[in-house]
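All residue numbers refer to positions in the sequence shown, counting from 1.
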Amino acid sequence: MNGLLFDMGQSIGIDLGTATVLVYIKNKGVVLHEPSVVAMDTETNEVVAIGKEARKMLGRTPENIVAIRPLREGVIADYATTEKMLKHFLNKACGHKRIFKPKVMVCIPSGVTGVEERAVREAALQAGAREAHLIEEPLAAAIGAGIDISKPEGNMLVDIGGGTTDIAVLSLGGTVYSKSIRIGGDKFDEAILKYLRRDHNLLIGESTAEAIKISIGTAYPEGTERMVAEVRGRDLVTGLPKILEVDSDMLYGAMKKPLDTIVRSVRETFEKTPPELISDILEKSIIMTGGGALLRGLDIRLTEEMKVPFFIADNAISCVARGTGKALDMLDKIGNNSKVKRAY
């Protein structure tokens, strides 16, 4: 796609996630999906690799090369590196040669501060955007999942990303109530790492923790088949390589605390929702989006505990990116919403 020229109406949506960045281009769909990882040379302070190539370096780099994630828990932890990463992804997705700068919409968690909002906006502008708009993740996810948010009826959505979980009740093009907690897929990985180190003296890396979570992890062991996998790491007692057999029940025990927090937050959102909208929600299913929603059995557990059906949206991982891009064509409908911030 190198050499693609922008026109004045070019619209780009960016899901600037803790774990991954997705770029959506109007009339083209999601054109980029890469890890939010940057490899830096600490001696020269230069970028060595970004995205997929940098992800491969996690835990495998020499002393002078550090693979970092510039976003933590849904917000920018390293502004300069985030700006470089955004510029790289925009160029990769859309081409280096541009006549006009694009109009960009970037999603943000629902609980960010004004300072964090400004950091995201400035990073987008410095990366090459002509206009930078911000939209909260639940609203973008709902649009991307195909919910007609303009109707005067309640819809509930749970978006579980790498760094945050956003839960929101939507109606009439806006957010009636939302709750954001800084727990997501990364906390699941961290819980697995700590469990194996504490209970089995086994040291593994982030990539290994994520891999076994995806392959055998579960949020509801009673309703899913028990699965087993081998984990390779280093024995903290002997210092030698070690292979350990783990099963899905063990991983559930490891992830129980962050999972319980998500379930509790969903229940609290129900408690804060107006009764009129609760009746609407009970007639429908609650939509789940984000990579964390794909954890085996999580939809079953939420359905069991809340007594309301939960279902995972089609293309759950890309819902926020698609909704973020489509929101640019809906500014006349949602532009006055406090959850959509305009900036130029």
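The CG atom of L157 sits 9.5 Å away from the CD1 atom of I286 when rounded to the nearest 0.5 Å. L236 contributes atom CG, which lies 7.5 Å from atom CG of L202 (distance to the nearest 0.5 angstrom). Note that OG of S150 and CE of M330 are 7.0 Å apart. Values are rounded to the nearest 0.5 Å. Taking CD of E153 as the reference point, atom CG of D280 lies at 6.0 Å (rounded to 0.5 Å). Between the CG atom of D15 and the OG1 atom of T324 there is a distance of 6.0 Å, given to the nearest 0.5 Å. To the nearest 0.5 Å, the span separating OG on S180 from CD1 on I108 amounts to 10.0 Å.
Chaining together hydrophobic side chains whose heavy atoms lie under 4.5 Å apart leaves V228 on its own. Apart from I300 itself, the hydrophobic cluster it occupies contains Y220, where clustering links Ile, Leu, Val, Met, Phe, Trp and Tyr at side-chain heavy-atom distances under 4.5 Å.
Between the side chain of T42 and the backbone N or O of N64, at least one donor-acceptor pair lies under 3.5 Å. Although no hydrogens or angles enter the test, the distance criterion places a donor-acceptor pair under 3.5 Å between the side chain of S36 and the main chain of G17. Remark: side-chain polar atoms of T175 are not paired, donor with acceptor, to backbone N or O of S178 under 3.5 angstrom. Of the possible polar contacts, none joining the T164 side chain to the I160 backbone as a donor-acceptor pair under 3.5 Å is found. With R296 contributing its side chain and I216 its backbone, the two residues share a donor-acceptor pair below 3.5 Å. In this structure, the side chain of K242 engages the main chain of H200 through a donor-acceptor pair within 3.5 Å. Looking at T303, its side chain does come within 3.5 Å of a backbone N or O of D299 through a donor-acceptor pair. In this structure a side-chain-to-backbone donor-acceptor pair under 3.5 Å is present from T269 to S265. No donor-acceptor pair under 3.5 Å is formed between the side chain of T81 and the backbone N or O of D78.
When every heavy atom of V308 is checked against every heavy atom of K284, the shortest pair comes out as CG1-O, 4.2 Å. Scanning all heavy atoms of the two residues, the minimum distance from R121 to L134 falls at NH2-CD1, 3.8 Å. Between A54 and A67, the closest heavy-atom pair is O-CB, 4.1 Å. Considering all non-hydrogen atoms of both residues, L259 and T218 come closest at CD1-O, 4.2 Å. Nearest approach of I50 to E34, heavy atoms of both residues: O-OE1, 4.0 Å. In terms of heavy atoms, A19 sits closest to D186 at CB-OD1, 4.5 Å.
Salt bridge E131/K101: absent, no basic N to carboxylate O contact under 4.0 Å. The pair D260-R301 counts as a salt bridge, with a side-chain nitrogen and a carboxylate oxygen less than 4.0 angstrom apart. Under a 4.0 Å N-O distance rule, the pair R118/E116 does not qualify as a salt bridge.
Between V48 and M40 there is no side-chain heavy-atom pair separated by less than 4.5 Å. Contact annotation: the side chain of C107 never approaches that of E136 to less than 4.5 Å [non-hydrogen atoms, C-beta and beyond]. Between K272 and V169, the closest side-chain pair of non-hydrogen atoms is not below 4.5 Å. Put simply, the side chain of I183 reaches to within 4.5 Å of the side chain of I262, judged on heavy atoms. Between K187 and E73 there is a side-chain heavy-atom pair separated by less than 4.5 Å. You'll find the side chain of L32 reaches within 4.5 Å of the side chain of K92, heavy atoms only. Side-chain contact check for L71 versus M85: some heavy-atom pair is nearer than 4.5 Å. Annotation: side chain of I14 is not in contact with side chain of L22 (no heavy-atom distance under 4.5 Å).
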**OP:** Could you walk me through whether I287 and F311 pass side chain to side chain contact (heavy atoms under 4.5 Å, CB included), step by step?
**Re:** CA-CA 5 Å; I287 296 177; F311 82 93; 3.6 Å; yes

**OP:** Let me see the working for Y24 and I12 under side chain to side chain contact (heavy atoms under 4.5 Å, CB included), right down to the final yes or no.
**Re:** CA-CA 6 Å; Y24 171 98; I12 296 176; over 6 Å; no

Original post:
Does the pair L277 and Y177 meet the rule for a side chain to side chain contact (heavy atoms under 4.5 Å, CB included), with working shown?
Top reply: CA-CA 11 Å; L277 297 182; Y177 178 80; over 6 Å; no

Original post:
Between R69 and E206, is a salt bridge (Lys or Arg N to Asp or Glu O under 4.0 Å) present by the stated rule, with each step listed?
Top reply: CA-CA 12 Å; R69 296 169 67 173; E206 291 179 15; 3.6 Å; yes

Original post:
Could you go step by step and tell me if I167 and M156 meet the side chain to side chain contact (heavy atoms under 4.5 Å, CB included) rule?
Top reply: CA-CA 7 Å; I167 309 148; M156 188 169 175; 3.7 Å; yes

Original post:
Stepwise, does the salt bridge (Lys or Arg N to Asp or Glu O under 4.0 Å) test hold for K179 with D166?
Top reply: CA-CA 6 Å; K179 184 178 182 66; D166 288 272; over 6 Å; no

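Legend: residues meeting side-chain hydrogen bond (donor to acceptor under 3.5 Å, both in side chains) with K213, ordered by chain and number and at least two apart, are D189. Residues passing the ring-ring contact (aromatic ring centres under 6.0 Å, His included) test with Y252: none are found, sequence neighbours excluded. Listed by chain and residue number, V106, A132 satisfy the side-chain contact (heavy atoms from CB on, under 4.5 Å) test with A124 (two or more places apart in sequence, or in another chain). Annotation: side-chain hydrogen bond (donor to acceptor under 3.5 Å, both in side chains) contacts of K194 (sequence neighbours excluded): E190.
Placement of L16 and V30 in two distinct hydrophobic clusters is found when ILVMFWY residues are connected by side-chain heavy-atom separations under 4.5 Å, directly or transitively. L295 and L302 fall within a single hydrophobic cluster, where Ile, Leu, Val, Met, Phe, Trp and Tyr side chains are chained together by heavy-atom contacts under 4.5 Å. No continuous path of ILVMFWY side-chain contacts below 4.5 Å connects V21 to V320, so the two sit in separate hydrophobic clusters. Cluster annotation: I135 and I317 are assigned to distinct hydrophobic clusters (Ile/Leu/Val/Met/Phe/Trp/Tyr, side-chain heavy-atom contacts under 4.5 Å, transitive). No single ILVMFWY cluster, assembled from side-chain heavy atoms under 4.5 Å apart, contains both I214 and L193.
A 6.0 Å sphere centred on CD of E222 holds more than 12 heavy atoms belonging to other residues, nucleotides or ligands. Remark: D314 CG is loosely packed, at most 12 non-hydrogen atoms of other residues, nucleotides or ligands lying under 6.0 Å away. No more than 12 heavy atoms of other residues, nucleotides or ligands shown are found within 6.0 angstrom of CZ on R234.
Residues D159 and T289 bring a donor and an acceptor atom of their side chains to less than 3.5 Å of each other. Looking only at atom types and distance, the side chain of S207 has a donor-acceptor partner in the side chain of R55 under 3.5 Å away.
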